Structure formats: structure tokens, C-alpha cells
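Order of listing sets the numbers, starting from 1, for every ligand and every atom in it. Every value quoted in this text rests on a predicted model; they were computed, and no experiment measured them.
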Amino acid sequence: MSPIGVFDSGVGGLSVLDALRAELPQENFVYFADTAYAPYGERGDAYVIERSRAVVEQLRREHGIKALVVACNTATTAAIHLMRAEHADLPIVGLEPGLKPAVAASRTGHVSVMATRGTLASAKYAALRASFAGSAEVRSVPCDGLVKAIEGFDAAGISALCERYMQEAGPFGDGPTQVDTVVLGCTHYPLVKDELRRHAPSSLRFIDTGVPVAQQTRRLLASAGRLADNGHGGLRLESSGDVAVLEAAAARWLGLAAGAFTSA
Ligand code: DGL
């Protein structure tokens with residue numbers, strides 16, 4: 001049975017893969033981490049477009065994927081329109097920062113969005129933000145270096161950067177001008193949610209889009225008549241860099257032991 005392709009610049013998309021496997025336990029997945037070319041977020045659109053194109057073509061050629069989840073906000077904002085135009089026969093699901101659910105959940109009307117510089121500079125994000133003008137105060141916080149620290153399991157770097165960017169995302173609280181909701185607009189960030197939480201009151205709400213994206217993937221597959229009904233939830237991990245890094249990340253962030261997947 002053809003797998004669903006899931007890709008990110010690195011290990012961040014594992015946070016989405018987790019939600020996808022819970023929502024679609026009978027589907028087979030192939031996860032591709034473009035580690036040799038990560039991070040995407042501080043490199044500009046042309047680079048991200050070129051890499052996204054190469055990855056989709058490889059996943060189609062080598063695995064005959066039946067659908068693609070672009071588990072990367074940066075690649076979605078830069079390249080999803082091109083991927084959809086060039087692969088019109090392939091259902092493609094992308095991610096964007098969850099501003100809509102964040103504004104709906106916020107009581108103070110003050111929301112911060114943490115994401116890569118590339119995502120926050122994109123026209124897609126500008127349009128998303130503009131659609132909430134007047135209904136919420138939105139602060140954008142580019143988190144340079146955080147993806148690199150997560151990719152490298154750099155605990156000291158993760159801790160220092162989480163503290164710094166949470167300071168920029170605040171002040172937090174339930175007062176009328178305080179931020180009560182933070183959007184994690186990069187798929188790497190849910191992996192360090194516990195660290196981020198250390199710098200915020202327990203009432204602070206974090207929004208990420210793993211679960212709604214998984215639900216949207218189910219709807220898209222159903223409407224295309226491509227839902228698996230008797231699969232066994234196989235998982236293959238692939239990387240353009242060192243696959244051992246991805247395997248370690250899968251063990252660390254998803255609790256997947258060796259044997260729970262094949263890899264290359
Ligand atoms: N995980 C990617 C995202 O959601 C980010 C990456 C990067 O900078 O490589 O934006």
C-alpha cells in the first residue's frame with residue numbers, strides 16, 4: 001500500500017507525524033528529514049523552493065507516495081503553491097501558524113507567534129495576520145537559531161534561546177494588555193514545549209497545528225478515495241543527512257524504539 005510522505009527540513013515534522021499516526025493508525029508513512037540542507041528558516045525563498053521541489057520528486061519517484069504532508073511552516077509558506085501546481089494529482093497538506101485558533105482562544109486579545117524568520121517574512125503570513133487586524137494584537141517573534149539548537153540536541157542552546165524568545169513573546173498573564181496565548185509556528189518548537197513552559201505562567205496557552213493537520217489529511221484522503229482500511233501503520237525514516245540523528249530524535253521525542261521503523 002502506498003505510503004503518505006511527510007517532510008520537514010529536519011526533525012521538527014516528527015511533532016506532526018505523531019499526530020498523523022494517532023489519527024491514521026492504518027496508514028503507512030515515510031518521513032523525510034532534509035537534514036543536510038537544514039535549517040530552512042533563515043535562508044530565503046529560492047533555497048526553500050529548490051529543496052521542497054527536490055524532496056517531493058524524490059518521495060514520488062522512490063516511494064510512489066499517495067499524499068504529501070509538508071510538515072514545515074517555512075516550506076509551506078515559500079513553496080506549497082508551486083508544489084500543488086506541479087503535482088496537481090497529489091493531495092498535499094501544508095501547515096501555517098495557528099493564528100485563527102489562537103485568536104479564538106485568547107481572552108486578552110494579545111497573541112504572540114513564534115516562528116522562523118522566513119515564515120514571518122512571507123506574504124502568506126502577512127495575509128494571515130492582516131485577516132485578524134482589529135480583532136487581536138499579534139506580536140511576531142522570529143526565533144533565529146532555535147531550530148539549529150534542536151537539530152543538534154544542544155541542551156544549553158535550547159534553554160538559553162527558549163528563555164530569550166519567551167521574554168520577547170511576553171509579558172504573559174491574564175491582564176488586559178498581556179499575552180495569554182502563544183502560537184508555535186514552527187514544527188520544531190512543540191518538541192521543546194516543556195522548556196518554553198519554564199519561562200511562562202502555567203495559564204499560558206500554546207497552540208500548534210499537529211492535530212488539525214492530521215484531521216485535514218484524513219478528510220483529504222477520504223475525499224480522494226485514498227484512505228487505507230487494512231494497513232498496519234508502517235513507518236520508514238529517511239534523511240538527506242545522517243539518519244542516526246533522525247532515529248535518535250524519533251526515540252527522544254516520540255519514544256520510538258529501534259524496530260518500530262525502518263530507516264535509510
Ligand atoms: N520545522 C520548520 C518549520 O516549521 C523549520 C525550519 C527550519 O528553519 O528549517 O518552519
Carboxylate-amine/guanidinium proximity below 4.0 Å for Glu57 and Arg60
no
Of Lys66, Arg218, Arg21, Arg226, which meets salt bridge (Lys or Arg N to Asp or Glu O under 4.0 Å) against Glu27?
Lys66
Does Arg197 make a cation-pi contact with Phe206, if we ask for NZ or CZ under 6.0 Å from the ring centre and within 45° of the axis?
no
Could you grab the distance from atom CD of Glu247 to atom OG1 of Thr262, nearest 0.5 Å is fine?
9.5 Å
Quick one: does ligand 1 sit under 4.0 Å from the side chain of Asn73, the backbone, both or neither, non-hydrogen atoms only?
both
Using a 4.0 Å heavy-atom cut-off, which part of Val147 comes near ligand 1: side chain, backbone, both, or neither?
side chain
State, with a plain yes or no, whether a side-chain heavy atom of Leu95 is found less than 4.5 Å away from one of Val16.
yes
Would you call Cys72 a ligand 1 contact, heavy-atom distance under 4.0 Å?
yes
OH-OG1 distance between Tyr125 and Thr77, expressed to the nearest 0.5 angstrom:
11.5 Å
Taking atom 10 (O) of ligand 1 as the reference point, the nearest protein heavy atom with its distance:
Thr74 OG1, 2.6 Å
Judging by distance only, is a nitrogen or oxygen of Asp8 under 3.5 angstrom from one on ligand 1?
yes
Provide, to 0.1 Å, the distance between atom 5 (C) of ligand 1 and the closest protein heavy atom, together with that atom's residue and name.
Cys186 SG, 3.6 Å
Looking only at protein heavy atoms, identify the closest one to atom 6 (C) of ligand 1 and say how far it is in Å.
Ser9 OG, 3.4 Å
Atom 8 (O) of ligand 1: which protein heavy atom is closest, and how many Å away?
Gly41 N, 2.8 Å
Please say whether Thr119 places an N or O atom under 3.5 Å from an N or O atom belonging to ligand 1.
no
Return the closest protein heavy atom for atom 7 (C) of ligand 1 as residue, atom name and distance.
Tyr40 N, 3.2 Å
CD (Glu62) with more than 12 external heavy atoms under 6.0 Å:
yes
